[in-house]
Protein chains: 2
Amino acid sequence: MSKYVYFFGGGKADGKAEDKNLLGGKGANLAEMVNIGIPVPPGFTLSTEVCTEFFKEGRKFPAGLEAQVNEALARVEGLLGKKFGDPSNPLLFSVRSGARASMPGMMDTVLNLGLNDEIAAGLAKKTGNDRFVWDAYRRFITMYSDIVLEVKKEHFEEELEAVRREVAQRKGIDIGKYNKEELKTVLPDSELGAEDFRKLVGVFKGIVQKHVGKPFPTDPRQQLWGAIGAVFGSWNNNRAKAYRKMYDIPESWGTACNVQSMVFGNLGDTSATGVAFTRDPSTGENVFYGEWLPNAQGEDVVAGIRTPFNVTKEAAAKSHPGTSLEEKMPKAFGVLRDIYLKLEKHYRDMMDIEFTIEDGTLYMLQCRVGKRTAAAAVRMAVEMADEGLITKQEAVMRVDPASLDQLLHPTLDPKAAKKFLAKGLPASPGAAVGVVVFSAHDAEKLAAAGKKAILVRIETSPEDIKGMEAAQGILTARGGMTSHAAVVARGMGKCCVAGCSALSIDYATQTMVVTVYDDSGKKVVEQASVKAGEWISIDGNTGKLYLGAIPTVDAQLSGNFGKLMTWADEVRVLKVRTNADTPHDAAKAREFGAEGIGLCRTEHMFFGPDRIAAVREMILSSTVEQRKKALDKLLPFQREDFIGIFKAMAGLPVTIRTLDPPLHEFLPTQAEHIKALAKELGVTIEDLERKNAELHEANPMLGHRGVRLAISWQEIAVMQFRAILEAAVEVEKQGVKAKPEVMIPFSLTKRELDIMKGVFDKVAEEVFAKAGRKIDVLYGTMIELPRAALMAHELAKTAQFFSFGTNDLTQTTCGLSRDDAGKFLPEYVAQGIFPKDPFQSLDTEGVGQLVEMACQKGRATRPDIKLGICGEHGGDPASIHFCQKVGLAYVSCSPFRVPIARLAAAQAAIAAKSQMKVASTH
Amino acid sequence: MSKYVYFFGGGKADGKAEDKNLLGGKGANLAEMVNIGIPVPPGFTLSTEVCTEFFKEGRKFPAGLEAQVNEALARVEGLLGKKFGDPSNPLLFSVRSGARASMPGMMDTVLNLGLNDEIAAGLAKKTGNDRFVWDAYRRFITMYSDIVLEVKKEHFEEELEAVRREVAQRKGIDIGKYNKEELKTVLPDSELGAEDFRKLVGVFKGIVQKHVGKPFPTDPRQQLWGAIGAVFGSWNNNRAKAYRKMYDIPESWGTACNVQSMVFGNLGDTSATGVAFTRDPSTGENVFYGEWLPNAQGEDVVAGIRTPFNVTKEAAAKSHPGTSLEEKMPKAFGVLRDIYLKLEKHYRDMMDIEFTIEDGTLYMLQCRVGKRTAAAAVRMAVEMADEGLITKQEAVMRVDPASLDQLLHPTLDPKAAKKFLAKGLPASPGAAVGVVVFSAHDAEKLAAAGKKAILVRIETSPEDIKGMEAAQGILTARGGMTSHAAVVARGMGKCCVAGCSALSIDYATQTMVVTVYDDSGKKVVEQASVKAGEWISIDGNTGKLYLGAIPTVDAQLSGNFGKLMTWADEVRVLKVRTNADTPHDAAKAREFGAEGIGLCRTEHMFFGPDRIAAVREMILSSTVEQRKKALDKLLPFQREDFIGIFKAMAGLPVTIRTLDPPLHEFLPTQAEHIKALAKELGVTIEDLERKNAELHEANPMLGHRGVRLAISWQEIAVMQFRAILEAAVEVEKQGVKAKPEVMIPFSLTKRELDIMKGVFDKVAEEVFAKAGRKIDVLYGTMIELPRAALMAHELAKTAQFFSFGTNDLTQTTCGLSRDDAGKFLPEYVAQGIFPKDPFQSLDTEGVGQLVEMACQKGRATRPDIKLGICGEHGGDPASIHFCQKVGLAYVSCSPFRVPIARLAAAQAAIAAKSQMKVASTH
């Protein structure tokens, strides 16, 4: 017969910490504490296998379970010298669920189980504490009825309130002045007496009889099995199902059920209860940090009705000297200190613990690895490694890479008052404060005058680049996490809130109307109108938008941060490059530790005010000669750009992508701009509009772009190739090594690569001949179309490297336009159709198949092919793990994500070696 | 040592018909004719391996070749009793290229090789025909100089013209009246005498000396090797390279070179030359069909200067009685008749033959399988099978399925005079004649008045459907082969010319300006302006547009056509369904042999004038209730549609796709329509424009469409499910079997299918409960996104069938928007980047991988999963072969392509069994 029940108590347990899958987190840790000699009230855990069986058999318990429960129960009775159901010496239990993963909010708990009228009377006699017993009894009926009998809590609360009002009236309190919640504070439960509770118990029983049609069960064993059934049943309640879906927890895991003998923190002034962390969870400082309440049960500490005291003397000294557990109950505190030190040493991590002191004796009720802020995680990891508690590699695994974003950017002061306006997507982290401007031009103007502006646009376009650079932050009404605004802002390390659909922007009146919703996000509370020039603040970490100027807190990169990064670099295998288009970004990325440029987008260089005219002249040319003339004007600019970038990267590889976007992106679309351009170029407005119409595309994402442009207008590619090569030659002449890698975007076939390779070789021959020196240049391609991945064995015949453009690859593989998907993608994620936004975290299941396939096929043709990723996913930790798995050489991401990528890459390397669980999946 | 030279002559040849790869088509067939006892002037073939060696060794001949040539030459001399280079009894040769595949236009030929002054004199003495000899000599110098010495033909033609003018003047002809070409007709070469040619020979030698710097070679062996080298060299001239690229002929094949002893049809009135087909190549009638000329060389028959006579008495009787070869040279004709009958029986196909009669003796110079019209191909195939010459399966293989299009639609009368205007894409076959209208509304108006209209639009949109139906044909200035106009027109079986970029359409002035180009397509010749109301004619088979009303010829589906189709159906494995959205199309498709509907697009049903209002009301609804109310109005319409379709298909499966396009496609975009709609719905224009802006998508192809709509607005799907099920119930109540298959478009994940399956099951339960009967319904999905193919193993858990939407799958896999790709795709095909337009013929190499993968993954999960294709490729023969290969159950195509698909499917089945070469790759 299977073992279903795992006993713990008396210094020995059937289970251990590693048995989480079988016993749940709570059960496993209780067993572990018992095993290492920590005082824990004895009890037993019904394993997750019982849960599985329970549902398999149509909510019936497996045969043999009852006997095992009885045996364990008898062992508890033996240890404690009390008897379950014996009025003369009663034993009470708590029954709690406890799943493998922490699932707060679905955990059903029944306390004080094993009471009936007779036993209550017996317990009162034994403890001499009537009030405690009837309080416990009424709490038990409420919890049990709610969870097991499905009688709503509100019914009991109404009666409790009635009693409270009676008592208040009796005490002369003007109850008319207070609402229900206020009354609880004015007259807490502690003010109610034994008689009040005894009366309530009677009333509560009536409520049960009325709603269930049967009396409240008086047999303790019947109560126990009812509670166990309810705990297992709760695994499949709607709340739990929704939670599992959200956090991707398999239904098959099941929950365990812990039955533990009760200890009471509310037996009087020698009793107490508390929660604590072995280190400060906000700062990470190595100080014991906890709160406690005398004469209270656990839920009182959390409920917030009574304000708990600090556990340590040092902490209490700052606010309420003399209230600490250390001072009030020094003996119990001494035990607690020994325990927490032992636990941290044993678990080798900061622990979150719950304790109860019953009549001077301390018991541990729970311990688990504690949650912490990003800053605390870094500090604890580094200090624990320095203390020798953990290894450096473990330290590296302890920090969630994504959380570093908080450390790298300024944040809105959490303590400042805020007037919330609306919520958009947290498109680029950080915080920004400035006055509203509705055009890139205005943003530039204000910046030039030394003023701070937030650029607010319906959506941004490449024409807005300079204004985005000038602004403190960017706010858009439309577009998703990978919209133009979001991508560019992340690239700049600039705060951006995108797709804030509550905004209705009117450029003509220079006003945005914000529709303000209530907390539920459903009801319109009011409409606020914000004009150009008014101050707003945006939070790129949360996507929230506030009225007024809120103070910000600067990023503080402590020494611990740098230390952790060094350790990360020691173990990681994946190189980390950056996506940078300017010498400035390149330099910034190197500061963050970038080891090369994985994506340099040449088109961004076309938008400078000194260049765009030549670009437009080139587009509007009707002959090759005209076009070449315009390109000749661009050549020196591009060459200078590359010289700057090569110098900034000083010998590190620089992957340069030839022109990618369709040409219409470079033409103005607004009437006034068209008019201005027509005048400038000496053409008619009609001509310009005809050109616009001619270049218009129904689906520009799938349009005439990338290598397709280069095939149609080879002279553009010729100019770019020449600029790259001449820049490299020039830089090397100056004694700096240049390592250009020329990358062809959007290719589908080997033939496209061959045609452009022919053009490239010809240009190279000319440039090298003229310069009298040669540069080593790699020639490769983006893999950003499914067909390119499918034909990778062919492409690799010509391409010396692949760079996965997973943004576009996701768009085409999934048929999702990142500019439009905002309309339904959040709903898709909410409904579990996608586990995550596939533009934020690589869809490894689908898109990942193509990436893996392309890696295999590419290597089959060219074993030493260089493989990397330059999509947005290059900075996403989960995606980086995938990149490590398929064996890429590097990931490339925006400068501000470089540290995140370095840490994630280190974790992926360690995980690959040791299958260790990583922090990001805590 | 390798065998390089293959001798033929004297009743025995080294090669045979099967040796095409080695000897080229011409050489292999010469050998075959010799082997079966047909009189052929002896000679020898230098194999394609020589060509390969020639280029491998830098244009040098392989060792040992010369000895083999000398030996073969000696054998020819021995057989004919003449000597190469012997003035007293000279032997002349022709030297011709001959590749594996017919490559007209690249075939370099040198005739009369082996002449010099001395030999010419000897030959004149021997034949007693001075004029013949000097004529042959000057022809030889011209050809040899052109091909071997690279002296341009024009130099020689100028001199010939000068002589012609001299002679004309001498004869008193007023040469001022005629231009060069006219003079050739007035004074043909036959009017020139021996002296004229002798003089020309002298002048020609001077031209060679001048351009080459060396005299014309007089050594016959030097001449021979020069010609052989030129023939092999021509394999890599630009003309040949371009041709090979166009027809996908590998460079590695190489050409063979045939050296054959000359016979002369121009030795006098007992000599003649001719070409013939063993059956009529235009009609397919089983009559010998040929043309001949007395006293002429082969090129004279083709050159068109002299009008040739009919070969048979019967044919000559109709125009020029008494001129036939049958009457003029009955003995030679008798030999020819025996030969052609023997050849057809031997080759079991209609043959194209060339013969020469030298002094009464007939020789065969060439034979090959003859080209034929589509009508002829059908008739010959069926009649040859009926005659027992070939099997039924061979008959099925003999007809190119794509050519059937010509038979199924009317065509412009080929004999009518035409005023060509411009050329667009042949988007939908057939011909149409009507007056120009520029709006769908006008087309409807004219149709209502019984008048014929051609709807001319920049591009069409779904709003134009009714007008397209009303028009005779459709002409658009923009859009490719799979643009809206093209797809809808093919679906309707209506003639369409799309993407005619020469058109500049101005709706305001109701005028289109046509820019007319010269033959090269480069120079603007004139600009024509066509106003609304003027007659035009369009040819959907060629894409050409003509001014005026050209008479049309109706499709004539002969009994042979039906017979061939029956034979095709006997062998084919793939089922053929149709894409049809109306009872009318469904009925038409059944006439063409459709075995079900593979794709019924429900959105087309939404555009009827009686429905579109409700659709728009639905879209503009702001609450679910409003939306449901609008949908309630649509329900009866949809139900009626489905009732009609189920009845038309009477028990055959009907696959119905739920709403697919993004909702903005249903809203008007033109200001006047917006105004009208706002008025109709009682909303403001601003509201409507805001809704338009809200629904606007940057890339609608990748937008909020397909199942994504159904997830967002389940009530739309509910309405459609209800309409399908209620219609099926109703039809079955009337005693007709209904076989609906519900198809979810654009799905990416199993979860999407599960959500919609839940909705479907609920509706079905309700409908069946109310009706008191159940209908068997299959539930499946389109596979039209790469991710769907990659995740097919998951989708197949819920989907009972897959239908490959290869249009969209091609768009996403290749990142090509079919609406936009017209700008570069033709260039891509021309440059060999794609072998064919991937929207016309499935990209089996790339997209095909996904189709094959999805089939395998789908079957792994659900072995009996039903697999089909409903993209445009379902009607493309090459794609159908692929479908057979991967084991699909059916293909689905527009009604007019059903016969094509049936034939192609039959050929695919036969090819799969026997690896036979199919007609479409002739």
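Lettering follows sequence order; numbering is per chain, from 1.
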Exercise. What residue in B/V847, B/L785, B/T749, B/L816 has the most heavy-atom pairs under 4.5 Å with chain A?
Worked result: B/L816

Seminar exercise, completed: Rounding to 0.5 Å, atoms CD1 (A/I619) and CG (A/L663) come to a distance of 4.5 Å

Seminar exercise, completed: Turns out that what part of A/I755 lies under 4.5 Å from chain B's heavy atoms comes down to side chain

Exercise. So, B/D754 versus B/T798: side-chain donor-acceptor pair below 3.5 Å or not?
Worked result: yes

Exercise. If you count heavy-atom pairs under 4.5 Å with chain A, which of B/R705, B/M791, B/R787, B/Q849 comes out on top?
Worked result: B/R787

For this session: Under 4.5 Å, counting heavy-atom pairs only, tell me which of A/M853, A/E845, A/Q811 racks up the most with chain B.
Result: A/E845

Exercise. Side chain, backbone, both or neither: which part of A/N699 has a heavy atom under 4.5 Å from chain B?
Worked result: both

Problem set entry | Under 3.5 Å donor-acceptor, A/E697 side chain and A/G703 backbone | no

Exercise. What part of B/L695 gets closer than 4.5 Å to chain A, counting heavy atoms only: side chain, backbone, both or neither?
Worked result: backbone

Problem set entry | Any donor-acceptor pair under 3.5 Å from A/E794 side chain to A/K750 backbone | no

Problem set entry | Heavy-atom proximity to chain A below 4.5 Å, by part of B/T813 | both

Problem set entry | Atom group of B/R478 that falls short of 4.5 Å from chain A, counting heavy atoms | side chain

Problem set entry | A/D808, part contacting chain B, at a heavy-atom distance under 4.5 Å | neither

Problem set entry | Point-to-point distance, once rounded to the nearest 0.5 Å, from SG of B/C814 to CG of A/L790 | 9.0 Å

Seminar exercise, completed: Under 4.5 Å to a heavy atom of chain A? For B/A821 that would be neither

List, one per line, each side-chain donor-acceptor pair under 3.5 Å for residues 823-832 of chain A, sequence neighbours excluded.
residue : atom : partner : partner atom : Å
A/K823  : NZ   : B/E694  : O            : 3.0
A/K823  : NZ   : B/H696  : O            : 2.8
A/E827  : OE2  : A/Q831  : NE2          : 2.8
A/Y828  : OH   : B/E752  : OE2          : 2.5

Problem set entry | Winner by heavy-atom pair count (cut-off under 4.5 Å) against chain B, out of A/P786, A/P700, A/S501 | A/P786

Exercise. Cation-pi between A/R818 and A/F839: NZ/CZ under 6.0 Å from ring centre and within 45° of the ring axis?
Worked result: no

Exercise. Just wondering, do A/M782 and A/F804 contact through their side chains at under 4.5 Å, heavy atoms?
Worked result: no

For this session: Name the region of A/L748, side chain, backbone, both or neither, that has any atom closer than 4.5 Å to a heavy atom of chain B.
Result: side chain

Exercise. Going by distance alone, is a donor N or O of one side chain under 3.5 Å from an acceptor N or O of the other, for B/T861 and B/H793?
Worked result: no

Exercise. What option among A/R708, A/M701, A/H704 has the most heavy-atom pairs under 4.5 Å with chain B?
Worked result: A/R708

